[in-house]
Amino acid sequence: MRTDSSPTVYRKDYQPYPFAIPDIALEFDLDPDNTLVSSTMRLERRPEAAADAVLELDGEALELVSLRVDGRDWPASQYQLDDTRLLVHGLPPLCTLQIASRCRPAANSTLMGLYVSGGSFFTQCEAEGFRRITWFADRPDVMARYRVTLRADARYPMLLSNGNLLETTQLPDGRQQACWEDPHPKPSYLFALVAGNFDLREKTVRTRSGREVLLQIYVDPGAAARSQWALESLERALRWDETRFGLELDLDRFMVVAVRDFNMGAMENKGLNIFNAAYVLADPQTATDANYEAIESVIGHEYFHNWTGNRVTCRDWFQLSLKEGLTVFRDQEFSADMMAQGLPPAAAASARAVKRIDDVVALRAAQFPEDAGPMAHPIRPDSYQEIGNFYTATVYEKGAEVIRMQHTLLGAEGFRAGMDEYFRRHDGQAVTCDDFVNAMEAVYQELHPGRDLAVFRNWYRQAGTPRVTVTLEHNAANRRLTVTLAQHCAPVGVEKRAGESLQKQPFHIPFALGLLDRQGRALPLRLADAAPQDTVLLELREARASWTFDDIAEPPVPSLLRGFSAPVIVEYDWQDAELALLSAHDTDPFARWEAGQELASRQLLALTAQYQAGQPMQVAPAFVAAWHALLSDPTLDAGYRARALTLPAERTLAERMTAIDPCALAQARNHLRAELGRGLAASWQAAFAANQVSGAYSPAPGPAGQRALKNLALAYLMAGGVEGAQALAQQQYAQADNMTDSLAALGCLANDAEPAAAKAALEEFYTRWQEDPLVVDKWFALQATVRRHGLTEIRQLMAHPAFTLRNPNRARALIFQFCLNNPSGMHQPDGSGYAFWAEQVLALDALNPEIAARLTRVLDNWSRYTPVLRQSMRAALERVQAHAGLSRNVAEIVSKALEFSA
């Protein structure tokens with residue numbers, strides 16, 4: 001629905017639904033242009049509801065055919081119908097409601113509800129898509145058992161829905177019919193339907209209790225060979241959840257279906273997960289190492305939702321992080337365990353550190369800016385205008401960090417006990433974030449009598465990224481060190497409405513600390529009566545607190561926030577020499593990586609300032625020496641070195657600028673890459689040669705890490721214009737037997753080779769892969785981020801026959817990548833990039849408001865840019881806001897961007 005007004009929904013206004021709907025039977029006569037849906041609901045008015053309670057059902061883009069109660073046509077005077085609601089009056093306390101309606105799947109470009117993609121039927125119901133299928137109480141606290149009958153002609157031989165298959169039947173009219181039943185009550189957002197012709201890969205496995213269950217992957221005809229990794233990942237996820245959390249699959253089968261057109265990555269519908277094909281299909285020739293890792297992670301994520309989201313679900317959409325934050329934490333742990341599986345202890349620790357680094361890089365690039373911008377909200381928001389806008393990095397990634405902090409505070413065994421208690425209390429219920437913390441708190445109090453998680457709950461109530469200032473006071477006479485932590489978090493986003501009257505409360509911050517002496521050796525630390533250890537966990541619950549450590553002979557070098565133990569910003573004035581020491585010797589792999597990144601950030605910000613001042617950019621020799629030490633350290637594995645030697649993301653650096661200047665940052669980054677490429681050419685060449693991977697392709701951490709380091713070395717050599725580098729890139733591109741190496745070499749050529757060589761390689765790549773949509777997406781995405789490409793090249797690509805705005809993957813590959821990750825092209829001083837952004841937001845909004853809203857977020861922090869850019873950004877935002885018929889999704893984001901600017 002499109003509307004000019006966007007009413008705000010508040011968490012405080014929640015009211016239970018007056019009716020229970022314990023059972024619903026759905027019948028679908030599937031036709032792309034005109035699908036008939038027959039719904040039969042058993043209704044029970046709740047005892048606490050008023051006798052004259054009105055049944056309010058949600059519906060959008062539906063045609064009502066009939067409405068009957070207990071087998072009789074219901075009088076038109078007893079119901080009201082508009083574009084979004086069906087109100088039924090005068091119902092008895094117990095009754096059966098039958099509704100027949102029609103929808104038009106082929107015309108549904110929103111990809112919400114029932115729609116057609118590639119000639120097959122699919123559904124997407126989270127958050128509020130079920131109302132586009134039939135009238136229903138489309139809210140997560142109304143849980144029903146579903147029985148579904150699907151009928152379709154021979155074009156759709158496979159008819160799938162949630163739960164267990166009861167029977168399939170050939171009908172006299174030539175159509176076929178399938179009946180499904182889900183024995184577990186679920187909300188409407190977990191309903192799913194798929195109908196089409198697919199290739200199937202399946203495997204029968206035995207659960208830990210001895211039950212045989214069927215795992216199935218459905219893909220487009222001809223793509224079955226590329227679904228093996230997804231099936232293997234699904235079995236690994238099943239085994240991991242049984243082992244780590246004691247959770248077993250509760251259905252006879254678990255299905256994953258790949259679809260070409262999908263707004264999200266995947267959806268955890270009960271027993272019938274619908275996936276964006278990008279997170280299912282993989283083989284070495286078409287998928288990169290990152291693709292393999294993402295497929296395993298997303299397969300795990302959606303499978304884990306079977307318990308954390310399906311068996312226990314959200315009472316209302318304000319509780320979204322209850323399922324998403326918890327399940328992201330679970331998929332992160334799953335991926336880390338899979339990366340470390342079978343490795344010796346040192347290699348396993350390095351593999352887990354690589355995963356932790358990748359997660360924190362993503363958090364800082366996406367969520368920290370969100371926390372500082374107009375859409376800032378707690379992981380449990382208090383209000384929204386469009387729930388689709390709150391599928392955010394805050395709810396997901398920061399939500400996972402909040403769960404991780406509880407895991408840190410309770411320990412692995414304590415957290416498992418808390419999870420067991422959570423399911424014991426709430427299995428089969430729709431609950432709140434408080435219910436989860438209550439279960440964890442019960443265990444925490446057993447471990448720490450007299451303490452609770454009252455302060456910890458502020459993570460759910462308050463927005464923003466806390467800043468923790470660290471002060472060290474060393475007393476040489478008594479060999480004592482006092483560590484003081486002080487926290488502060490300014491009002492952000494909608495909190496600004498309260499102005500100075502808002503008094504934000506302290507957060508409960510688990511802060512992991514280590515100390516090194518001036519030779520880089522770890523110092524033993526003791527808290528209270530605990531045994532000495534290299535790392536201690538300080539629990540900061542107040543605005544300011546201090547801890548004292550004895551037997552510290554000289555001023556130490558602090559290793560702060562080890563393992564990134566809390567999603568905070570640390571403020572401490574390290575000397576560059578101290579950072580270099582940590583980068584070379586810290587025993588905590590995350591903190592060691594962090595020290596090198598801080599050195600690089602300081603260097604990049606200094607170069608940016610020089611460029612802005614019109615001065616020559618000069619790289620400090622000490623920084624080059626520190627980078628060389630990391631590159632040459634034989635004790636570090638290749639995957640870890642690849643992360644350590646990757647320069648900080650420009651979006652992360654932008655958060656440290658008073659006025660963001662993307663083009664200046666890009667110039668500084670390009671200059672530093674070139675200087676490092678030239679200055680360390682011999683070492684990069686050695687790394688490139690030493691990390692060639694022989695034998696059959698494997699996405700395992702070892703060979704994947706070698707490819708990462710080798711390809712990073714090639715990128716530095718190309719950036720530095722080192723003699724022979726282009727020939728190396730062309731040779732790798734020509735001889736590559738996997739997409740990771742092929743795409744890496746193509747990226748080097750596209751960005752840094754002579755224009756003729758770059759053009760030839762790009763054309764050859766498209767010619768070779770033009771029949772594979774997922775690889776063509778990679779081709780578009782690469783060109784969108786080529787440093788020398790601007791709007792002229794992007795518009796030419798939009799005119800390419802393979803481009804369409806209607807496919808979300810294709811729009812994300814070209815439009816999103818350009819707007820997000822091509823600073824020189826997007827942030828032109830004349831504002832042309834922002835005018836392009838506005839044009840594409842409006843074009844997408846007419847087709848698919850959810851995708852348009854995600855693109856709208858690009859200009860969230862417009863008011864923090866330089867004055868020239870800020871003026872053009874505001875004009876673009878105002879142009880979008882003034883557009884008639886703007887969707888609620890886009891309207892909310894634009895209005896908040898303009899209202900809550902920094």
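Of the inter-residue distances, the one linking R854 atom CZ with N263 atom CG reads 6.5 Å to the nearest 0.5 angstrom.
When atom types are taken as modelled, the side chain of E386 and the backbone of E892 share no donor-acceptor pair closer than 3.5 angstrom. No side-chain donor-acceptor contact under 3.5 Å links D252 to the backbone of N164. Checked by atom type and distance alone, the side chain of D845 pairs as donor or acceptor with a backbone atom of S887 at under 3.5 Å. Looking only at distances, a side-chain donor or acceptor of N310 sits under 3.5 Å from a matching main-chain atom of E268. The main-chain N or O of E126 is found under 3.5 Å from a side-chain atom of Q124 such that the two form a donor-acceptor pair. Judged by distance alone, the side chain of R330 and the main-chain N or O of L326 form no donor-acceptor pair under 3.5 Å. At least one donor-acceptor pair under 3.5 Å links the side chain of S321 to the backbone N or O of V395. Q176 contributes a side-chain N or O that, together with a main-chain N or O of Y156, makes up a donor-acceptor pair within less than 3.5 Å. Of the possible polar contacts, one joining the N389 side chain to the N889 backbone as a donor-acceptor pair under 3.5 Å is found.
Y10 carries K12 over the face of its six-membered ring, with the cationic atom under 6.0 Å from the centre and within 45° of the normal.
Aromatic ring centres of F390 and W317 lie farther apart than the 6.0 Å criterion allows.
Qualifying ring pair (Phe, Tyr, Trp, His ring centres under 6.0 Å) partners for Y279, counting only residues two or more places apart in sequence or in other chains: none.
Ring planes of F191 and F28: parallel class, angle under 30° (limits at 30 and 60°). Classified by interplanar angle (parallel below 30°, tilted 30° to 60°, perpendicular above 60°), the ring pair Y384/F318 is tilted. Using bins of under 30°, 30° to 60° and over 60° for the plane-to-plane angle, the ring pair F122/Y115 lands in the tilted bin.
Side-chain contact of T327 with T308: a donor-acceptor pair under 3.5 Å is present, judged by distance alone. Between the side chains of N162 and N269, not a single donor N or O lies within less than 3.5 Å of an accepting N or O. Between the side chains of D141 and Y14, at least one donor N or O sits under 3.5 Å from an acceptor N or O. Side-chain atoms of Y189 and T313 include a donor-acceptor pair closer than 3.5 Å.
Between D73 and R68 there is a salt bridge, since at least one side-chain N of the basic residue sits less than 4.0 Å from a carboxylate O of the acidic one. By the 4.0 Å N-to-carboxylate-O rule, D58 lies too far from R139 to be salt-bridged with it. Salt-bridge annotation for E421 and R425: present, with a side-chain N of the basic residue lying under 4.0 Å from a carboxylate O of the acidic one. Under a 4.0 Å N-O distance rule, the pair D138/R132 does not qualify as a salt bridge. We find that K398 and E370 are not joined by a salt bridge, their nearest charged nitrogen and carboxylate oxygen being 4.0 Å or further apart.
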List the atom pairs, with distances to 0.1 Å, where a side-chain N or O of residues 94-110 and a protein N or O form a donor-acceptor pair under 3.5 Å, not counting sequence neighbours.
residue	atom	partner	partner atom	Å
R102	NH1	N34	OD1	3.4
R104	NH2	E63	OE1	3.2
N108	OD1	T110	N	3.2
N108	OD1	T110	OG1	2.6
N108	ND2	M112	O	2.6
N108	ND2	L114	O	3.1
S109	OG	L847	O	2.6
T110	OG1	M112	N	3.2

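Sequence neighbours left out, not one pair with a member in residues 60-101 passes ring-ring contact (aromatic ring centres under 6.0 Å, His included).
Taking both residues in full, the closest heavy atoms of S188 and C125 are given as O-CB, 3.7 Å, listed atom of the first, atom of the second, then distance. Shown here for F121 and P32, the closest heavy-atom pair between the two residues is CZ-N, 3.4 Å.
Within 6.0 Å of CZ on R806 lie no more than 12 heavy atoms contributed by other residues, nucleotides or ligands.
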